[in-house]
Student: 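Take this structure, written in structure tokens, and hold onto it; I'll ask about it next.
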Amino acid sequence: MKTISVIGLGNRGTEYMGFIKGFHSKKAKIVALCDIRQQALDDIAPIYKISEEMQFNSTKDFFSKGVISDALIITTQDASHFEITKAAIETGYKYILLEKPVSGVKDEYRLLRDMAEANGVILIICHVLRYSNYYSKIKEIIESGQIGDIVSINHTENVGYFHFAHSFVRGNWRDEFTSTPSILAKCCHDIDLISWFIDSPCVSVSSVGDVKYFRKENAPEGAAERCLGGCRAKNNCPYDAEAFYITDPFYKAKFIKHMKRTLTGKAKNSKQDIVDALKYGDYGKCVFLNDNNVCDHQLVTMKFENGAVAVLNLNGFSQKMFRECHIVGTKGELIGYGTKLKMNIFGGKSGTVWTGSPAISGHVEGDIRLISGFIKILCGERNDLKNVTTIDATVISHDIAVAAEISRKKGGEKVLLESI
Ligand SMILES: NC(=O)c1ccc[n+]([C@@H]2O[C@H](COP(=O)([O-])OP(=O)(O)OC[C@H]3O[C@@H](n4cnc5c(N)ncnc54)[C@H](O)[C@@H]3O)[C@@H](O)[C@H]2O)c1
């Protein structure tokens with residue numbers, strides 16, 4: 001039985017723990033927990049029967065015990081990933097699963113790659129989409145040569161207006177200085193996929209984007225700092241927090257459990273807890289009068305050494321959350337919407353080559369398969385790391401995101417990857 005510790009008991013950490021308990025309980029178990037929130041420890045420790053000695057309120061206390069499990073999962077917020085992972089490698093952990101993004105600072109993520117290599121550490125980053133059936137199918141078709149050599153990729157990440165406002169205007173990823181720019185926080189997955197499909201070094205990048213809509217000058221007349229604080233514009237505002245989180249039947253139906261926990265900080269919460277969270281916390285603030293600064297739209301163009309080009313569109317304004325991708329090859333093309341993949345072979349067959357359920361395909365399925373893959377590697381059932389999202393692959397996507405930000409801040413100037 002392999003043992004695993006988890007640092008960061010929020011949405012991601014608890015989801016991964018659930019998969020380990022639910023699907024891999026014969027091979028691995030959670031033995032230690034660390035979170036700076038006592039509430040999180042109190043909520044989660046009983047579920048996994050973790051003794052008090054194996055619960056930690058700080059990473060300092062956790063690492064002071066030395067290596068206490070075979071593997072470590074790090075699912076804290078973005079800004080802490082570098083320091084915690086560095087401490088984990090220095091302490092002697094050999095199997096580490098780390099949430100993305102690793103860091104927005106190139107010297108930091110590159111240092112972790114070098115430290116992992118020097119210390120024989122398997123450091124896997126949670127680029128979950130690569131593990132889904134849908135994206136695995138795209139990769140398989142590309143590798144089979146059916147569509148020829150890739151000429152271009154046009155990929156759009158439609159974040160969804162609800163999700164964008166929740167996470168990138170009001171939530172944890174609204175400020176590039178406390179988290180990372182949205183092109184890294186949200187789209188490092190997309191850049192990773194594009195690089196994985198094209199499979200050639202990126203040579204140059206250019207990018208434009210900004211905060212177009214979620215700014216003070218766009219606040220409607222009568223807007224207040226808080227939706228529950230006397231806002232006179234709330235009835236016509238699609239971003240009204242009361243509708244988002246309490247009254248709108250559409251969101252009530254879609255209101256997934258973890259969002260309530262995000263709002264209230266509690267696993268079990270009452271309606272009053274949610275009202276209080278909107279009155280006093282981040283998620284009740286006006287989307288136009290907040291302190292957000294991450295781009296709500298951004299385009300990145302990339303040129304690769306093998307001649308292929310790609311355009312990534314980060315779009316914060318769609319009705320639905322979905323990624324669309326058009327991959328053009330010399331012999332055919334792939335057109336995908338996440339739940340459906342169509343292939344046209346020029347002068348040959350056309351048709352749907354893959355379909356999946358909207359509830360499970362993509363992210364959730366990728367999450368489940370990422371954990372299965374990690375457990376296999378940990379248990380020695382799998383030795384090759386082909387298509388596994390180790391830190392080396394992450395350095396590629398993070399370099400492209402960093403270059404995109406340099407370009408964007410210089411008004412879209414071309415940036416050579418070798419120059420960053
Ligand atoms: N792979 C993906 O597709 C994906 C999707 C969403 C989020 N993420 C990433 O996962 C990470 C976690 O996101 P989340 O939504 O679970 O966040 P969250 O805020 O729900 O959870 C983070 C937890 O870490 C704890 N924490 C923070 N700093 C800590 C520290 N120094 N030591 C110990 N505990 C600490 C917090 O108290 C909290 O319980 C983020 O970096 C996010 O960008 C990845």
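Just so you know, ligand 1 is whichever comes first in the structure, and atom 1 is the first atom listed for that ligand. The analysis underlying the following values was restricted to heavy atoms, covering all of them including side chains, and did not include hydrogens, waters or symmetry mates.
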Student: Which of the atoms in ligand 1, numbered in the order shown and given with their element, are less than 4.0 Å from a heavy-atom of H189?
Tutor: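 Within the 4.0 Å cut-off of H189, ligand 1 contributes 1 (N), 2 (C), 3 (O).
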Student: Would you mind running through ligand 1 and noting each atom that sits below 4.0 Å from a heavy atom of H81?
Tutor: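 Listed by number with element: 41 (O).
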Student: Heavy-atom distances under 4.0 Å are what count here, so tell me which part of L129 touches ligand 1: side chain, backbone, both or neither.
Tutor: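 Looking at L129 and ligand 1, no heavy atom falls under 4.0 Å.
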Student: Counting only heavy atoms closer than 4.0 Å, does ligand 1 sit against the backbone of R12, its side chain, both, or neither?
Tutor: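 Both of them.
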Student: Using heavy-atom distances, let me know which of P101, S80, G10, G13 sits nearest atom 23 (C) of ligand 1.
Tutor: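 Looking at heavy atoms only, G10 sits closest to atom 23 (C) of ligand 1.
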Student: Record the part of T59 in heavy-atom contact with ligand 1 below 4.0 Å; permitted values are side chain, backbone, both and neither.
Tutor: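 The part of T59 near ligand 1 is the side chain, not the backbone.
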Student: Of V128, L184, N11, L9, which has the heavy atom at the shortest distance from atom 20 (O) of ligand 1?
Tutor: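 Nearest option to atom 20 (O) of ligand 1, by heavy atoms: N11.
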Student: Looking at E381, I want to see if its CD is surrounded by more than 12 non-hydrogen atoms of other residues, nucleotides or ligands under 6.0 Å.
Tutor: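 Yes, because the 6.0 Å sphere around CD of E381 holds more than 12 heavy atoms from other groups.
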Student: Can you confirm if the NZ or CZ of R323 lies within 45° of the ring axis of Y134 and under 6.0 Å from the centre of its six-membered ring?
Tutor: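 No cation-pi geometry.
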Student: Check K106 with D399, please: is the shortest side-chain N to carboxylate O separation under 4.0 Å?
Tutor: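 Answer for the salt bridge query: no.
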Student: Distance to 0.1 Å, residue and atom name: give those for the protein heavy atom nearest to atom 43 (O) of ligand 1.
Tutor: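 The closest one turns out to be D78 OD1, 2.8 Å.
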Student: Restricting to side chain to side chain contact (heavy atoms under 4.5 Å, CB included), what partner residues turn up for Q38, sequence neighbours left out?
Tutor: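 Q38 satisfies side chain to side chain contact (heavy atoms under 4.5 Å, CB included) with L41, D42, N57 once adjacent residues are dropped.
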Student: Are the charged groups of E365 and R369 less than 4.0 angstrom apart, N to O?
Tutor: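 Not counted as a salt bridge, because no side-chain N and carboxylate O are separated by less than 4.0 Å.
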Student: Keeping to residues at least two apart or across chains, list the ring pair (Phe, Tyr, Trp, His ring centres under 6.0 Å) pairs with something in residues 384-420.
Tutor: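 Found Y109-H398.
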